[in-house]
Asker: 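One structure coming up, written as structure tokens, with questions to follow.
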Amino acid sequence: MHDTNALRQSKGLMIVTTVILILWLILAAFPFFWTVWGSFKVQADFFSRENFLNAIFGPATERQTGGAFTLDGYRGAWIEREFWRSVINTAIVTVCVTTISLVFGTLGGYALSRSTRKYTFWILMAALFFRAMPHITLVSGYLLPFFEMNIWGYLPTAIIVLVAINQPFTIWMLHSFFMSIPKDLDESAMVDGCTRFQAFRWVIMPVMWPGVITTGLFSFLLAYNDFAVTGMLLNQDNQTMVPKINSFMGTIQSEGMIMYAVAAVVSATVPLFILVMFFQRQIVSGLTAGAVKG
Amino acid sequence: MRHRDFIAFIFPSVVAMILFIAIPIVSVVVQSLYVEHDRVLIEVENCGPFGCTTETRVDAEATAEMKAEQPLGKFNGLGTYFNRAHLAVDELKAIFADNDGFGDIVAQIYNLPFYKALSFTLVYTFLVTPLCMIFGFLIALGVNAIPKVVKGPVIFLSLLPYIVTPLIGSLILFWMINSDGVIGASLQYIFNDPELSLKASPVLMWMVLIIYGTWHMAPFCFVVFYAGLQTLPTDTLESAMIDGANRWERIRYVVIPHLVPLATFVGLVLLMDNFRVFEPIVGFSSEAHATSLSWAIYNDLSGQVDQLYGSAAATSVLTMIGVLIILTPVLIRTWRDFSRRAR
């Protein structure tokens with residue numbers, strides 16, 4: 001038995017932490033399962049004043065639609081309100097942002113990890129400051145120039161803005177991954193006659209894939225979860241899922257079609273579930289990557 | 001690495017950051033010095049069967065022309081910063097000159113939009129950050145003690161609140177705390193008060209938002225602290241045990257020093273992320289009771305009729321100054337580390 005757990009012996013502490021853990025798991029997961037389940041019911045069940053059990057068994061759903069589950073919410077959101085358009089837009093935006101971010105980020109992160117000069121420090125510090133910048137403050141700087149240049153509202157505009165906003169985080173993370181690869185590797189390749197770029201491309205990149213995948217996941221999440229940029233910079237037709245859901249909220253509540261929004265929310269959450277399921281290890285390693293370096 | 005290589009490699013990334021982060025920051029500062037044009041007014045004489053009347057109208061054409069010529073608006077200097085919607089200097093003077101005691105001062109200042117947003121942003125940032133760290137650490141202790149088989153699923157479930165889109169996460173919780181949602185209705189039942197609504201009172205709304213923030217960010221702290229617990233220095237722990245250190249001493253002198261750097265990192269990231277709190281305000285539609293600096297900017301920009309660029313820009317600049325203040329200790333420390341290493 002390895003004895004890394006200095007806190008193991010205390011029974012009292014263990015009971016306390018286990019209870020907290022169980023409570024936490026309920027808190028963390030219950031809202032999602034509740035909403036996924038409820039999205040297949042009608043509004044009278046999901047928002048039931050009399051009894052919350054209605055949302056589980058769905059008596060009104062049976063009365064109104066004849067079955068215990070209904071796809072009305074999804075049909076309304078995806079077809080009637082054209083949610084599928086936003087899904088396509090989100091796919092375009094996230095794929096482009098992730099790819100471009102990684103290309104720029106690996107080049108930049110590599111340079112920062114291999115140079116020991118003072119300006120690397122300043123670039124990293126500037127990146128840290130940019131990383132702390134609330135995105136909406138930058139958006140207020142974009143709007144007027146973009147209107148003037150007539151590039152407001154289009155997907156490429158949002159993509160390049162998201163790439164740029166993503167850069168500080170990406171280069172920090174890739175920088176710390178590159179730091180863990182010994183410099184001897186590329187230096188010996190260059191002694192053997194490679195140029196700097198060849199050493200980077202053929203020697204370093206092949207061993208960097210885990211870091212690239214992890215960073216890519218976080219770039220993807222940033223683009224997928226963004227609301228400040230996509231909400232302000234895209235016009236109605238080009239909206240991605242998150243601003244679309246927000247615009248649902250404005251119109252739907254009055255029309256009593258809140259289940260459309262619930263269905264859209266569930267549709268937008270499911271890909272994230274799948275992502276965590278497959279890439280849990282990478283996400284965990286990415287969250288800790290910055291911390292290990294200090 | 002040669003300068004030339006360095007520049008070639010870093011070029012795309014730096015250009016992107018300059019074009020879309022550095023220049024916009026400058027553009028925000030410039031915009032904050034301008035304010036929207038006044039509308040051009042003209043006097044029109046209407047002559048009807050009952051005589052002539054003069055009325056003042058907006059000359060839409062001339063206004064549009066002026067807007068097109070000077071899209072920034074007219075120069076206003078620091079005027080926007082000091083007006084009622086921002087630092088509200090005159091209003092503050094008036095409040096301090098004429099008030100009924102401390103409570104009244106606070107209440108009156110809270111009614112000014114900028115201070116309302118600032119107070120919530122600060123309270124949120126400085127409550128959610130420690131709460132997340134405490135809960136994250138407790139969860140990490142709990143996960144560390146459970147058998148290996150269940151660790152995977154437990155970590156999976158724990159990550160969900162952090163991974164989910166903030167706007168979507170807050171909507172999901174908002175529907176649940178709604179007075180006809182599951183939590184809201186249950187609370188009404190428990191407290192036997194059919195009028196109870198979490199959305200109605202400022203205090204409850206603030207609590208809901210802070211609980212949401214903790215729920216959303218705690219997994220991040222958990223993961224980092226959990227990773228830290230995996231790398232505890234076994235040798236040191238064992239030798240401490242042999243030397244007769246009791247459990248508390250081991251925690252105090254081995255475990256905590258090992259986790260402090262991680263806690264600093266987590267604290268920094270949390271401060272940065274919590275300071276920009278925005279989506280929950282939209283998701284919970286809490287603007288009546290709680291607004292944040294980011295939300296104030298969003299609100300200026302998404303106006304239906306006019307977009308208040310000047311006002312939004314001034315709030316943005318003030319927010320950036322806030323970010324700088326939060327970051328200063330870190331920047332100074334990193335600078336010291338760096339120059340020590342360079343020497």
Side-chain angles (χ1 to χ4, degrees), chain A residues 3-7 9 14 17-18 20-21 24-25 28-29 31-32 34-35 47 49 52 104 107-108 110-111 114-115 121 125 129-130 132-134 136-138 140-145 148 161 163-164 167 171 196 225 227-228 232 242 246 265 268-269 272 276 280 284 287-288 290-291 294, chain B residues 1 5-6 9-10 12-13 16-17 20-21 24 27-28 71 138-139 141-142 144-145 156-161 163-165 167-168 171-173 176 180-182 185 220 223-224 227 232 234 237 250 255 261-262 265 272 276 278-279 294 297-298 301 309 312-313 316 319-320 323 327 331 338:
Chain A
D3 213 347
T4 48
N5 198 346
L7 314 142
Q9 290 106 341
M14 220 173 109
T17 52
T18 315
I20 289 178
L21 186 65
W24 161 251
L25 286 180
F32 297 103
W34 178 261
T35 310
F47 294 97
R49 243 203 140 88
F52 68 86
F104 287 13
L107 290 170
Y110 175 72
R114 290 303 184 257
S115 176
F121 170 78
M125 278 303 106
F129 177 60
F130 292 160
M133 208 65 4
I136 193 87
T137 60
L138 298 174
S140 71
Y142 300 136
L143 273 181
L144 198 54
E148 290 301 307
V161 164
V163 167
Q167 271 308 296
I171 56 173
R196 183 54 93 165
N225 288 345
F227 173 60
M232 297 302 302
V242 181
N246 186 49
V265 156
T269 320
L272 293 175
V276 184
Q280 184 173 325
V284 168
L287 287 177
T288 49
Chain B
M1 201 172 191
D5 289 336
F6 181 79
F9 271 94
I10 200 103
S13 168
M17 286 198 285
F20 292 102
I21 303 180
S27 139
V28 164
L138 289 176
I139 301 166
L141 285 181
N144 204 29
F156 168 73
L157 293 179
S158 301
L159 278 175
L160 293 180
I163 292 299
V164 74
T165 314
L167 185 74
I168 288 178
L171 277 177
I172 288 177
L173 293 194
M176 292 175 77
D180 40 13
V182 58
F220 167 66
V223 167
V224 176
L232 278 181
T234 346
L237 276 176
R250 266 175 282 147
V255 178
L262 295 185
F265 163 79
M272 296 195 295
R276 63 170 71 141
F278 164 50
E279 283 99 336
S294 290
I297 300 167
Y298 169 79
L301 292 176
Y309 297 115
S316 299
T319 310
M320 286 174 194
V323 170
L327 277 186
L331 294 176
F338 182 80

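Residue numbering restarts at 1 for every chain, and letters A, B, ... go by the order of the sequence lines. Keep in mind that what you see is a predicted model, and the values were worked out from it rather than measured.
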Asker: Under a 4.5 Å heavy-atom cut-off, does chain B meet the side chain of A:Met232, its backbone, both or neither?
Answerer: side chain
Asker: Need one label for B:Tyr298: side chain, backbone, both or neither, based on atoms under 4.5 Å from any heavy atom in chain A.
Answerer: both
Asker: Could you walk me through whether A:Thr137 and B:Val323 pass the side chain to side chain contact (heavy atoms under 4.5 Å, CB included) test, one step at a time?
Answerer: CA-CA 11 Å; A:Thr137 60; B:Val323 170; over 6 Å; no
Asker: Backbone N or O of A:Phe104 within a donor-acceptor pair of the B:Ser13 side chain at under 3.5 Å?
Answerer: no
Asker: Return the option, out of A:Leu143, A:Ile20, A:Val276, A:Thr269, with the maximum number of heavy-atom pairs under 4.5 Å with chain B.
Answerer: A:Val276
Asker: Select one option (side chain, backbone, both, neither) describing which atoms of A:Leu21 are under 4.5 Å from chain B's heavy atoms.
Answerer: side chain
Asker: Pick whichever of B:Ala312, B:Ala227, B:Ser294, B:Ala313 has the most heavy-atom pairs under 4.5 Å with chain A.
Answerer: B:Ser294
Asker: What heavy-atom pair brings B:Arg276 and A:Pro134 nearest, and what distance separates the two atoms?
Answerer: CB-CB, 3.6 Å
Asker: Does B:Phe20 offer a backbone N or O that forms a donor-acceptor pair with the side chain of A:Tyr142 under 3.5 Å?
Answerer: yes
Asker: Heavy atoms, side chains only, cut-off 4.5 Å: are A:Trp24 and B:Leu138 in contact?
Answerer: no
Asker: Let me know if B:Leu157 has heavy atoms under 4.5 Å from chain A in its side chain, its backbone, both or neither.
Answerer: both
Asker: Please determine whether side chain to side chain contact (heavy atoms under 4.5 Å, CB included) holds for the pair B:Ile21 and A:Gln167, giving the CA-CA distance in whole Å, both sets of side-chain angles, and the decisive distance to 0.1 Å.
Answerer: CA-CA 10 Å; B:Ile21 303 180; A:Gln167 271 308 296; 5.8 Å; no
Asker: Taking all non-hydrogen atoms of both residues, which atom of B:Ile172 and which atom of A:Pro31 are closest, and how far apart?
Answerer: CG2-O, 3.7 Å
Asker: Heavy-atom pairs under 4.5 Å with chain A: which of B:Ala185, B:Ser158, B:Gly181, B:Ser27 has the most?
Answerer: B:Ser158
Asker: Output the option from B:Val182, B:Leu171, B:Val28 having the highest count of non-hydrogen pairs under 4.5 Å with chain A.
Answerer: B:Val182
Asker: If we only count heavy atoms from C-beta on, is the A:Arg196 to B:Phe9 side-chain gap below 4.5 Å?
Answerer: yes
Asker: If we define contacts as heavy-atom pairs under 4.5 Å, which of B:Asp180, B:Leu160, B:Asp5 has the most with chain A?
Answerer: B:Asp180
Asker: With chain B as the partner, which of A:Gly108, A:Ser115, A:Ser140 has the greatest number of non-hydrogen pairs under 4.5 Å?
Answerer: A:Ser140
Asker: Heavy-atom distance under 4.5 Å to chain A: side chain of B:Thr319, backbone, both or neither?
Answerer: side chain
Asker: When you compare the side chain of A:Leu287 with that of B:Leu159, does any pair of heavy atoms fall below 4.5 Å?
Answerer: yes
Asker: Is the shortest side-chain heavy-atom distance between A:Leu107 and B:Ile10 below 4.5 Å?
Answerer: no
Asker: Would you say the side chain of B:Met17 lies within less than 4.5 Å of the side chain of A:Ile171, judging by non-hydrogen atoms?
Answerer: yes
Asker: Answer with side chain, backbone, both or neither: which region of B:Ile139 has an atom nearer than 4.5 Å to a non-hydrogen atom of chain A?
Answerer: both
Asker: Under 4.5 Å, counting heavy-atom pairs only, tell me which of A:Val161, A:Val163, A:Val242 racks up the most with chain B.
Answerer: A:Val242
Asker: Parallel, tilted or perpendicular, judged at 30° and 60°: which one describes the rings of B:Phe278 and A:Phe227?
Answerer: parallel
Asker: Could you pull out all residues at least two apart from B:Phe6 that satisfy ring-ring contact (aromatic ring centres under 6.0 Å, His included)?
Answerer: A:Tyr119
Asker: Between the main-chain N or O of B:Ile163 and the side-chain N or O of A:Asn225, is there a donor-acceptor pair closer than 3.5 Å?
Answerer: yes
Asker: Rounded to the nearest 0.5 Å, what separates atom CG in B:Leu173 from atom CH2 in A:Trp34?
Answerer: 13.5 Å
Asker: Can you list everything that forms a side chain to side chain donor-acceptor pair (under 3.5 Å) with B:Glu279? Sequence neighbours excluded, please.
Answerer: none
Asker: Which one of A:Thr35, A:Thr18, A:Leu144 has the most heavy-atom pairs closer than 4.5 Å to chain B?
Answerer: A:Leu144
Asker: If you look at every heavy atom in B:Leu167 and A:Asn246, which pair is closest and at what distance?
Answerer: CD2-CB, 3.9 Å
Asker: Under 4.5 Å heavy-atom distance to chain A, tell me which part of B:Phe156 shows up: side chain, backbone, both or neither.
Answerer: both
Asker: Considering all heavy atoms of both residues, which atom of A:Ala28 and which atom of B:Pro161 are nearest to each other, and what is their separation?
Answerer: CB-CG, 3.7 Å
